Amino acid sequence: MQDNCTITFQKREFKGSLKHCWKYPIQDNDGWIEYGLGNYSHTHNLTIAVDKKYGTVKIFGSVRKWYFGETSLQDLTLSQVIEAYHQIASKLEMTYEDFVSLGKVTNVEIGYNIPINTRCSTIVKNLVKYGKIENRKEVGEHETVYFLGDDKTIKVYDKCLETAVNSTYISKHKKVALIGRLLDNTRNYIRIEVKLKNTKSFRRYGLNGIHTIQDLLKNWDNIQALLINEFNKLIIFHRIAVSPKMTAKQMIVAKIINQYGFKEGISKISLMYKQPKKFVTAYVIRLLSDFPSTRAYTKRKFRIDIAKQLVHIHKHIEKLEINRLFHILWNTKHSKHYRVASL
């Protein structure tokens with residue numbers, strides 16, 4: 001679940017050594033000296049930056065890739081992330097206890113790789129909204145979409161394609177073969193990552209008291225719950241199935257949305273009914289939920305794919321607070337009990 005993060009030690013707090021690191025040949029000359037810290041399989045590096053003036057030490061990069069290697073599709077469990085921090089502390093000649101209790105977490109990226117029953121590009125191009133964040137940015141031919149907020153960012157992308165294209169530790173010949181193997185995989189993997197940019201983000205989204213790595217590990221279940229809640233804020237656009245059960249207004253709105261798309265259609269409806277866009281947007285989102293296209297990849301199908309992956313993790317990888325996560329995913333009351341064994 002945890003991926004990239006930034007860990008900060010003040011000079012007096014860093015009780016380790018950089019003798020197992022190497023200095024990067026190219027420095028950015030902004031007052032920091034940067035080093036690389038390789039993993040035991042030599043397949044990924046973390047970056048260690050040292051402030052020349054104040055001696056502050058920052059560690060940043062993907063803990064997931066550092067532990068598994070950069071071509072892995074696996075997500076870190078709690079026991080694995082603890083093992084990863086044991087290994088990092090050992091390489092820096094620090095005790096694990098000092099590393100996790102003194103290292104301040106200043107931002108963190110959390111996410112899951114989700115096997116889906118459609119092309120990743122289909123989801124990327126049809127993700128039209130994320131909560132209240134309006135700033136949407138798409139990169140490539142429907143390869144990656146970002147929703148950029150002031151204190152958090154969500155990134156959704158084709159994990160197989162990203163893994164193959166961005167691998168730096170394999171030859172060009174092997175990279176071509178890897179791309180073919182991953183893209184021919186019968187399962188498409190989409191990665192959804194949420195980045196909390198600072199400690200204020202933790203507090204704002206219900207994670208009070210997270211300052212150190214140790215705090216992060218103690219709140220593992222709460223972070224998983226936060227992640228699923230953020231997944232649930234994603235809105236997938238598709239055609240609305242026009243139905244005789246619709247009211248006259250619903251039918252008009254559905255036809256406009258189907259003809260003009262999500263953004264332009266909402267603008268036209270807002271002008272037609274002289275209503276604020278936020279009210280029209282909520283109305284359209286409700287129509288998408290109540291009258292989904294039977295052929296399209298809908299929010300419900302998206303939730304089902306997420307639910308299947310959570311059940312797989314719970315049964316085979318690590319125990320989750322599965323009922324809690326399902327209530328968040330499906331917006332149900334906590335009195336309902338999900339029978340995981342039957343899913």
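Hydrogens, waters and symmetry mates are skipped; everything else that's a heavy atom, side chains included, is used. This is a predicted model, so every value here is computed, not measured. We number each residue from 1, following the sequence as shown.
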With rounding to the nearest 0.5 Å, note down the distance linking CD1 in I110 to CG in L76.
-> 12.5 Å
Is D290 paired with R286 through a side-chain N to carboxylate O contact shorter than 4.0 Å?
-> yes
Exercise: do N126 and T122 side chains pair donor with acceptor under 3.5 Å | no
Working for ring-ring contact (aromatic ring centres under 6.0 Å, His included), residues Y273 and F279 = CA-CA 11 Å; Y273 289 101; F279 294 135; over 10 Å; no
Close side-chain approach of V124 and T144, heavy atoms under 4.5 Å = no
L287 versus Y283: any side-chain heavy-atom pair under 4.5 Å?
-> yes
Separation between NZ (K301) and OG (S293), nearest 0.5 Å, reads 7.0 Å
Output yes when E93 and K15 qualify as a salt bridge under the 4.0 Å nitrogen-oxygen rule, no when they do not.
-> no
Using the six-membered ring wherever Trp is involved, compare the ring planes of Y24 and W22 and label them parallel, tilted or perpendicular (cut-offs 30° and 60°).
-> perpendicular
Taking the side chain as every heavy atom from C-beta outward, state whether I59 and T47 have any atom pair closer than 4.5 Å.
-> no
Would N4 and R64 count as having a side-chain donor-acceptor pair, cut-off 3.5 Å?
-> no
How long is the gap from CD on E109 to CG on N107, to the nearest 0.5 Å?
-> 8.5 Å
Are the ring centres of F9 and F99 closer than 6.0 Å?
-> yes
Quick one: does NZ or CZ of K11 land under 6.0 Å from the six-membered ring centre of Y54, within 45 degrees of the ring axis?
-> no
Decide yes or no on ring-ring contact (aromatic ring centres under 6.0 Å, His included) for Y96 and Y85, but give the supporting numbers first.
-> CA-CA 7 Å; Y96 171 78; Y85 284 136; 7.6 Å; no
Is it true that the NZ or CZ of K155 lies under 6.0 Å from the centre of F147's six-membered ring and within 45 degrees of the ring axis?
-> no
Quick one: do the N135 and Y130 side chains pair a donor with an acceptor below 3.5 Å?
-> no
Considering only NZ, NE, NH1 and NH2 on the basic side and carboxylate oxygens on the acidic side, decide whether R191 and E193 come within less than 4.0 Å.
-> yes
Would a hydrophobic clustering, with Ile, Leu, Val, Met, Phe, Trp and Tyr connected at side-chain separations under 4.5 Å, put V284 with Y260?
-> yes
E264-S267 side chain donor-acceptor pair, cut-off 3.5 Å | no
Can we say K65 and E162 salt-bridge, meaning some charged N sits less than 4.0 Å from an Asp/Glu carboxylate O?
-> yes
Heavy atoms from other residues, nucleotides or ligands near NZ of K263 exceed 12 (cutoff 6.0 Å) = no
Considering only NZ, NE, NH1 and NH2 on the basic side and carboxylate oxygens on the acidic side, decide whether D151 and R204 come within less than 4.0 Å.
-> yes
Is it true that the side chains of H238 and T298 contain a donor and an acceptor less than 3.5 Å apart?
-> no
Test log, rule side chain to side chain contact (heavy atoms under 4.5 Å, CB included), inputs V108 and F202 = CA-CA 9 Å; V108 67; F202 300 148; 3.4 Å; yes
